[in-house]
Novice: 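Have a look at this one.
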Amino acid sequence: MSKILDILAEIRPEFDWAQSDDFFEDGMLDSFDMVTLVSDLDKAYGISIDGMDIVPENFSNVAAIEALLVRNGATP
Amino acid sequence: MESIRGWDAYQRCIGAVRRATRAYTSNLYAARDQVERWCADGRLHALPADGAVLLLRATQDFHHVYHVAEDQGTLGTALATLPAGLFVTDLVGQDDDLDPAVATYAAAGFAPHRFLQRMVRVQTPGEPHADDTDIETATADDAPQVAAFLGRLLDRFAEQVPDLDDLRREADAGRLLLVRRGDAVAGMLMYALKGAAAELRFWHVDDDARGQGVGRRLMAAFLARCAGARRMTLWVIGDNARSIAIYRHYGFTPDGLLDRIMIRHKEPHR
């Protein structure tokens, strides 16, 4: 989990990511950030996240991101 | 060309393009509620191609073009299938990252139009801001007047001109602010607020009303009403030095994200 939080903090250091259950509802991530996050996760975990998975629901909180990584063959 | 009827169809359309390598490219950034509105209005169509799909969103007299493609090669092939007409695309990203897509669209007959840059203001939630309580909060009935005001000022290709539904929605939510001179609109500000993030969507003062504090009052009201936000963003025409200086005065700085707008106008063969 801490690796994911580190990546999120790199994108938006002004937010407390551990405190939110929905990054989009809380205004912490927008669609442009999601694209950056996908690229950073791809590089950090050596994967290529499937295009169908690049939807806000899969990046809404740390648990969702962990599940997404597992589906795409990574160990969070 | 096939009409996209809803979110599931939209997802199937995009998912049909493989994202196997870093060459995968897309300029689709619409939020789900926005996509669903476009589908409900019948304004979204897909032009599938081998290894790519183009999504076309109709406006009054042109189409916005969005792409999802395995690489620049399949994108170029897809763009070659566009029919005659007026097409506008937004390529959003960090400057150097946009070069490949810009080149592909240029090869397909698109010419650079303008560019926007995003500016950001990070603040401590609860920072005190003096509100301007005399600022008028628009109602839905004001939408046509505001639309006419903005229609005179905005570049319809570069700036996402709000339609009447959009203006009514923001007015109903209390996020459309006005300053009047008599019955006329002297200045307006429209914003979005979601959790910790605010977006300054439009802030315009009539030329005849400049230098009278109209813009300052609107900005003060915006900052006060979004005092709980940690992050504020806006998009500004990239070479508008005057506006950029004003936003810097209010604590906004560029964050490196650009929106390069390109246009293609192809006449039908006779």
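None of these values were measured; they are calculated from a predicted model. Values below: all heavy atoms of this structure, side chains included; hydrogens, waters and symmetry mates excluded.
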Novice: Contact part of A/Ile49 toward chain B, heavy-atom cut-off under 4.5 Å: side chain, backbone, both or neither?
Specialist: both
Novice: Please flag which part of B/Ala198 lies under 4.5 Å from any non-hydrogen atom of chain A: side chain, backbone, both or neither.
Specialist: neither
Novice: If you count the non-hydrogen atoms of other residues, nucleotides and ligands that lie under 6.0 Å from CZ in B/Arg5, is the total more than 12?
Specialist: no
Novice: Could you state the interatomic distance from CZ (A/Phe32) to CG (B/Asp259), rounded to the nearest 0.5 Å?
Specialist: 7.0 Å
Novice: Is B/Ser26 in contact with chain A via its backbone, its side chain, both, or neither, using a 4.5 Å heavy-atom distance?
Specialist: neither
Novice: Considering residues, nucleotides and ligands other than B/Asp33, do more than 12 of their heavy atoms fall under 6.0 Å from its CG?
Specialist: yes
Novice: Measure the spacing between CE of A/Met28 and NZ of B/Lys194 and express it to the nearest 0.5 Å.
Specialist: 13.0 Å
Novice: Side chain from CB out, backbone as N, CA, C, O: work out which of these in B/Tyr24 comes under 4.5 Å of a heavy atom of chain A, or both, or neither.
Specialist: side chain
Novice: Within the 4.5 Å heavy-atom criterion, are A/Asp42 and B/Arg22 side-chain neighbours or not?
Specialist: yes
Novice: With a 4.5 Å cut-off on heavy-atom pairs, point out which of A/Ser48, A/Pro56, A/Gly51 contacts chain B the most.
Specialist: A/Ser48
Novice: Give a yes or no on this: more than 12 heavy atoms of other residues, nucleotides or ligands lie within 6.0 Å of atom CZ of B/Arg43.
Specialist: yes
Novice: Would you please go through residues 12-22 of chain A and name the residues with a non-hydrogen atom below 4.5 Å from one of chain B, in numerical order?
Specialist: A/Arg12, A/Glu14, A/Phe15
Novice: Among B/Thr21, B/Thr124, B/Val92, single out the residue with the greatest number of heavy-atom pairs under 4.5 Å to chain A.
Specialist: B/Val92
Novice: Using every non-hydrogen atom in the two residues, find where B/Ala197 and A/Gly27 come nearest and quote the distance to one decimal.
Specialist: CB-O, 2.9 Å
Novice: Output side-chain donor-acceptor pairs under 3.5 Å for residues 247-258 of chain B, partner residues at least two apart or in another chain, one line each.
Specialist:
residue	atom	partner	partner atom	Å
B/Asp255	OD1	B/Leu257	N	3.0
B/Asp255	OD2	B/Arg118	NE	2.9
B/Asp255	OD2	B/Arg118	NH2	2.8

Novice: Heavy atoms, side chains only, cut-off 4.5 Å: are B/Arg19 and A/Val38 in contact?
Specialist: yes
Novice: Does any heavy atom of chain A fall under 4.5 Å from the side chain of B/Ala31, the backbone, both, or neither of them?
Specialist: neither
Novice: Measuring from A/Ile54:CD1 to B/Gln11:CD, what's the distance to the nearest 0.5 Å?
Specialist: 10.0 Å
